[in-house]
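Step one of this worksheet: look at the structure below.
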Amino acid sequence: MSEHQLKLKQDVAQAALHYIDDGMILGVGTGSTVNCLIELLPKRRLKGAVASSQATEDKLKALGIEIMDLNFVGELDLYIDGADEVNPNLQLIKGGGGALTREKIVAAASKQFICLVDESKWVTQLGLEFPVPIEVLPQARSYVARQLVKLGGEPVYREGFVTDYGNVILDTYHLAVNSATDMEQTLNNIVGVVCNGLFAANQADKLLLAKESGVEVLSR
Ligand code: 5RP
């Protein structure tokens, strides 16, 4: 990552701190942008955090932040996470780090989802450049790949990677994501798919977009 990109990630993480209150149980995403935020979390006295991956959980624990089980905390006030691509409807592609399923669960269980990106993630249409990561049960990998080809996609098996849930990822290029909500549903309907990286029906509520000129806030 270039120094410039790291600076944008740090800027957007700093801006996100404004939305986090003392006493909150915060849903915390995964990735290099969120890692910049995690470093700042000791500035707040959180009641605890729900982590979206083992990697995030380890980082939070190292800072002494209490990890809570989503099943015992009810609805979260706030989930904060990064994204691989974001469109003007604040719909996202996520899962570059392979944590998409747990991320989607924690996002769905939160009242508000704030997404943090630098300007390189902003696109007019999802999926033209970044592939849609699809988490698949290992036994169904070839079957699901054939269905993705029928949809016009080009699935690439993420070699040597296993998700926190013991599944595999098919990074799928060239899917026609004209309607992100329709494609999200279509992918979910393939037997053997656990989750897909389109966050369309349940998109971000707010986007903090880091640019050279400052951090823009977009709401839907
Ligand atoms: C992990 C994700 C990340 O949010 C996404 O890959 C963005 O990562 P980064 O902040 O490192 O650019 O979805 O599964």
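Worth knowing before you read on, the calculation uses all heavy atoms, side chains too, and leaves out hydrogens, waters and symmetry mates. The first residue in the sequence is number 1, and the count goes up from there. Owing to the predicted nature of the structure, the values given are computational and were not obtained by experimental measurement. One-based numbering, in listed order, for ligands and for the atoms of each.
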Are Val136 and Val194 in one and the same hydrophobic cluster, where Ile, Leu, Val, Met, Phe, Trp and Tyr link if side-chain heavy atoms are under 4.5 Å apart?
no

Near Gly97, which atoms of ligand 1 are under 4.0 Å from a heavy atom of that residue?
1 (C), 6 (O), 14 (O)

Decide side chain to side chain donor-acceptor pair (under 3.5 Å) for Gln54 and Asp164; before the verdict, give the C-alpha distance in whole Å, the side-chain angles of both, and the deciding distance to 0.1 Å.
CA-CA 7 Å; Gln54 192 56 51; Asp164 284 354; over 6 Å; no

Region of Leu116 engaging ligand 1 - heavy atom pairs below 4.0 Å
neither

Using heavy-atom distances, let me know which of Lys94, Glu103, Arg102 sits nearest atom 14 (O) of ligand 1.
Glu103

Is any N or O atom of Gly31, backbone or side chain, closer than 3.5 Å to an N or O atom of ligand 1?
no

For Lys121, the ligand 1 atoms whose distance to one of its heavy atoms is below 4.0 Å:
7 (C), 9 (P), 12 (O)

Got a sec: does the CZ of Arg45 have more than 12 other heavy atoms crowding it under 6.0 Å?
no

Nearest protein heavy-atom contact for atom 10 (O) of ligand 1: which residue, which atom, what distance?
Thr33 OG1, 2.6 Å

Ser53 and ligand 1 - part of the residue with a heavy-atom distance under 4.0 Å:
neither

How about Asn178 and Gln125: does a side-chain donor come under 3.5 Å of a side-chain acceptor?
yes

Can you find a side-chain donor-acceptor pair between Gln112 and Asp205 that sits under 3.5 Å?
no

Per-atom filter on ligand 1: closer than 4.0 angstrom to a heavy atom of Asp81 are 4 (O)

In terms of atom number and element, which parts of ligand 1 are under 4.0 angstrom from non-hydrogen atoms of Lys9?
9 (P), 10 (O), 12 (O)

Mind checking whether Gly29 has a heavy atom under 4.0 Å from ligand 1?
no

Cluster question for you: counting only ILVMFWY and a side-chain heavy-atom cut-off of under 4.5 Å, with indirect links fine, are Val132 and Ile105 together?
no

Quick one, Val193 and Ile190 - any side-chain contact, counting heavy atoms below 4.5 Å?
yes

Cluster check Val50, Val28: I/L/V/M/F/W/Y, side chain < 4.5 angstrom:
no

How close does the nearest protein non-hydrogen atom get to atom 11 (O) of ligand 1, and which residue and atom is it?
Ser32 OG, 2.5 Å

Out of Ala55, Ala99, Ala83, who gets a non-hydrogen atom closest to atom 7 (C) of ligand 1?
Ala83

Can you find an N or O of Gly95 that's nearer than 3.5 Å to an N or O of ligand 1?
yes

So the atoms of ligand 1 within less than 4.0 Å of a heavy atom of Gly98 turn out to be 14 (O)

Near Thr30, which atoms of ligand 1 are under 4.0 Å from a heavy atom of that residue?
1 (C), 2 (C), 3 (C), 4 (O)

Side chains of Asp81 and Tyr79 only: does a donor on one sit below 3.5 Å from an acceptor on the other?
yes

Of all protein heavy atoms, the one nearest atom 5 (C) of ligand 1 is Asp84 OD1, 3.2 Å

Cationic tip of Arg158 above Phe161 ring, under 6.0 Å, 45° of axis:
yes

Would Lys206 count as a cation-pi partner of Phe113, with NZ or CZ less than 6.0 Å from the six-membered ring centre and within 45° of the ring normal?
no

Can you sort out which atoms of ligand 1 are near Gly82, meaning under 4.0 Å from one of its heavy atoms?
4 (O)

